[in-house]
Amino acid sequence: MRKIITGAFASLDGVMQAPGGPHEDPIGGFKYGGWAAPYFDEAMGEAVSEMFANPFDLLLGRKTYDIFAAHWPYVAADDPIGPLFDRITKYVATRNPNLKLSWQNSQVLGHDVVGVLKALKSSDGPDLLTQGSTDFLQTLFQNDLVDELHISFFPVVLGKGKRLFGDGAFPGALKLVSSKVSGSGVTVNKYVRSGDIVTGSFEFEQPTAAELERRRKLS
């Protein structure tokens, strides 16, 4: 069995759009491209290396694939990430059935993305790691396909932009299994699935008359 792991950089208000540079993804008039770069320090570099330490294949939306394919194949041979990304399999979600992928070891997931992902998860092989791919993530969350989340929250509020979670995410509980804080204030968190949501209550066992009236007005 293979796991699908979400790797994400997010602002405190959950925006993921264009963390790496001003030209990465200006769609929608987003003007803060490159917001993550000033917070990158040695601890963040170690966190990224740790995320890539175990065997994995990449699972990417088409826009993120295009960004990666225009960058990583062109880095120096001694770069710790570029050669790794070159040799692993890149699975790409796209609505264009005729899309031609020029980056080596890349393949389109096809029209039945959810069905293909379920088959991949049940097969043997390395885990499937997402990077960026905010639009594609919504499909994964809506269909309850994500097993782990590796999310780094940056101490910045961006106000608008593409967000980690949309309204259609499949509800469920998570367990925080590790958390580190970088010198720049980024919290690096790893979550695993932890079953269904469990609810409780801080209400009085016997509601007050004022509370009953409040509920009546809500209805």
Side-chain angles (χ1 to χ4, degrees), residues 1-11 14 16 18-21 24 34-61 64-93 101 103-107 109 117-134 136-137 140-141 145-155 164-165 172 174-194:
M1 294 289 290
R2 307 168 76 172
K3 295 182 291 186
I4 291 181
I5 301 170
T6 291
F9 294 157
S11 65
M16 287 179 59
E24 189 174 80
W35 53 268
Y39 296 95
F40 246 77
D41 55 14
E42 184 176 350
M44 284 303 300
E46 292 174 356
V48 171
S49 295
E50 184 177 332
M51 183 167 54
F52 297 152
N54 295 319
F56 68 94
D57 287 333
L58 280 173
L59 190 57
L60 304 171
T64 297
Y65 173 84
D66 287 347
I67 293 168
F68 279 22
H71 177 80
W72 291 114
Y74 304 98
V75 300
D78 60 351
D79 185 275
I81 296 177
L84 170 62
F85 281 5
D86 271 347
R87 67 175 178 266
I88 64 174
T89 301
K90 280 78 67 178
Y91 295 101
V92 184
L101 304 178
W103 193 5
Q104 64 182 17
N105 301 318
S106 300
Q107 61 185 76
L109 286 170
L117 289 176
K118 289 180 177 179
L120 283 172
K121 288 189 69 173
S122 64
S123 66
D124 294 328
D127 290 333
L128 303 163
L129 175 66
T130 73
Q131 295 284 281
S133 308
T134 318
F136 177 43
L137 284 182
L140 300 181
F141 293 141
L145 292 171
V146 175
D147 302 289
E148 294 183 10
L149 298 100
H150 298 188
I151 307 175
S152 296
F153 287 105
F154 288 68
L164 175 60
F165 292 107
L174 299 171
K175 177 182 180 182
L176 179 66
V177 295
S178 67
S179 184
K180 301 175 183 177
V181 182
S182 75
S184 61
V186 180
T187 59
V188 181
N189 306 292
K190 178 180 177 181
Y191 303 89
V192 297
R193 294 294 302 273
S194 185

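Atom set for the values below is all heavy atoms of this structure, side chains included, hydrogens, waters and symmetry mates excluded.
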Original post:
If every non-hydrogen atom of P83 is compared with every non-hydrogen atom of A77, which pair is closest and at what distance?
Top reply: CG-O, 3.4 Å
Subject >> Side chain proximity check, L117 to L140, heavy atoms < 4.5 angstrom >> reply: yes
Original post:
Of all heavy-atom pairs between R193 and G172, which one has the smallest distance, and what is that distance?
Top reply: NH2-CA, 4.5 Å
Original post:
Which class fits the ring pair F141 and F165: parallel under 30°, tilted 30 to 60°, perpendicular over 60°?
Top reply: tilted
Subject >> By side chain to side chain donor-acceptor pair (under 3.5 Å) - contacts of S179 (at least two apart) >> reply: N189
**OP:** Starting at OH of Y91, measure out to CG of L60 and round the result to the nearest 0.5 Å.
**Re:** 12.0 Å
Original post:
Between CZ of F136 and OG1 of T6, what distance do you get to the nearest 0.5 Å?
Top reply: 9.0 Å
Subject >> Qualifying salt bridge (Lys or Arg N to Asp or Glu O under 4.0 Å) pairs with a residue from residues 68-92, counting only residues at least two apart or across chains >> reply: none
Subject >> Heavy-atom side-chain proximity of L137 to L164 below 4.5 angstrom >> reply: yes
Subject >> Euclidean distance, S49 OG relative to L84 CG, rounded to 0.5 Å >> reply: 10.0 Å
**OP:** Look up atom CD in Q104 and atom OG1 in T89, then write down how far apart they are to the nearest 0.5 Å.
**Re:** 10.5 Å
**OP:** Could you tell me whether E50 atom CD has more than 12 heavy atoms of other residues or ligands within 6.0 Å of it?
**Re:** no
**OP:** Mind checking salt bridge (Lys or Arg N to Asp or Glu O under 4.0 Å) for E46 and listing every partner two or more places apart, or none if nothing turns up?
**Re:** none
Subject >> Listed partners of S182 passing side chain to side chain donor-acceptor pair (under 3.5 Å), at least two apart >> reply: S184
Original post:
Quick one: are L59 and L109 in side-chain contact, heavy atoms under 4.5 Å?
Top reply: yes
**OP:** Please name all residues satisfying side-chain contact (heavy atoms from CB on, under 4.5 Å) with V181, sequence neighbours left out, ordered by chain then number.
**Re:** T187
Original post:
Closest approach of L149 and L174, non-hydrogen atoms and distance?
Top reply: CD1-CD2, 3.7 Å
**OP:** State which residues pass ring-ring contact (aromatic ring centres under 6.0 Å, His included) with Y65; sequence neighbours excluded, sorted by chain then number.
**Re:** W103
Subject >> V48 side chain reached by I81 side chain, heavy atoms, under 4.5 Å >> reply: yes
Original post:
Which heavy atom in D41 sits nearest to a heavy atom in G183, and how many Å separate them?
Top reply: OD2-N, 3.2 Å
Subject >> Contact summary for A119 and S122, nearest pair of heavy atoms >> reply: O-OG, 2.9 Å
Original post:
Just how far is it from atom CG of L120 to atom CD1 of I4, taken to the nearest 0.5 Å?
Top reply: 7.5 Å
**OP:** State which residues pass side-chain contact (heavy atoms from CB on, under 4.5 Å) with E148; sequence neighbours excluded, sorted by chain then number.
**Re:** K3, I5, H150, K190, V192
Subject >> Within residues 121-134 or reaching into it, pairs that qualify as salt bridge (Lys or Arg N to Asp or Glu O under 4.0 Å) - sequence neighbours excluded >> reply: K121-D147
**OP:** Could you pull out all residues at least two apart from A37 that satisfy side-chain contact (heavy atoms from CB on, under 4.5 Å)?
**Re:** none
Original post:
Do you know which two heavy atoms are closest between G82 and V75, and how far apart they sit?
Top reply: CA-CG2, 3.6 Å
**OP:** Sequence neighbours left out, what passes ring-ring contact (aromatic ring centres under 6.0 Å, His included) with F40? Give chain and number order.
**Re:** F9
Original post:
Under 3.5 Å, side chain of S133 to main-chain N/O of G61, donor-acceptor pair present?
Top reply: yes
Original post:
side-chain contact (heavy atoms from CB on, under 4.5 Å) with A10: which residues, sequence neighbours excluded?
Top reply: M16, I151, F153
Original post:
Which residues satisfy the ring-ring contact (aromatic ring centres under 6.0 Å, His included) test with F52, sequence neighbours excluded?
Top reply: F56, F85
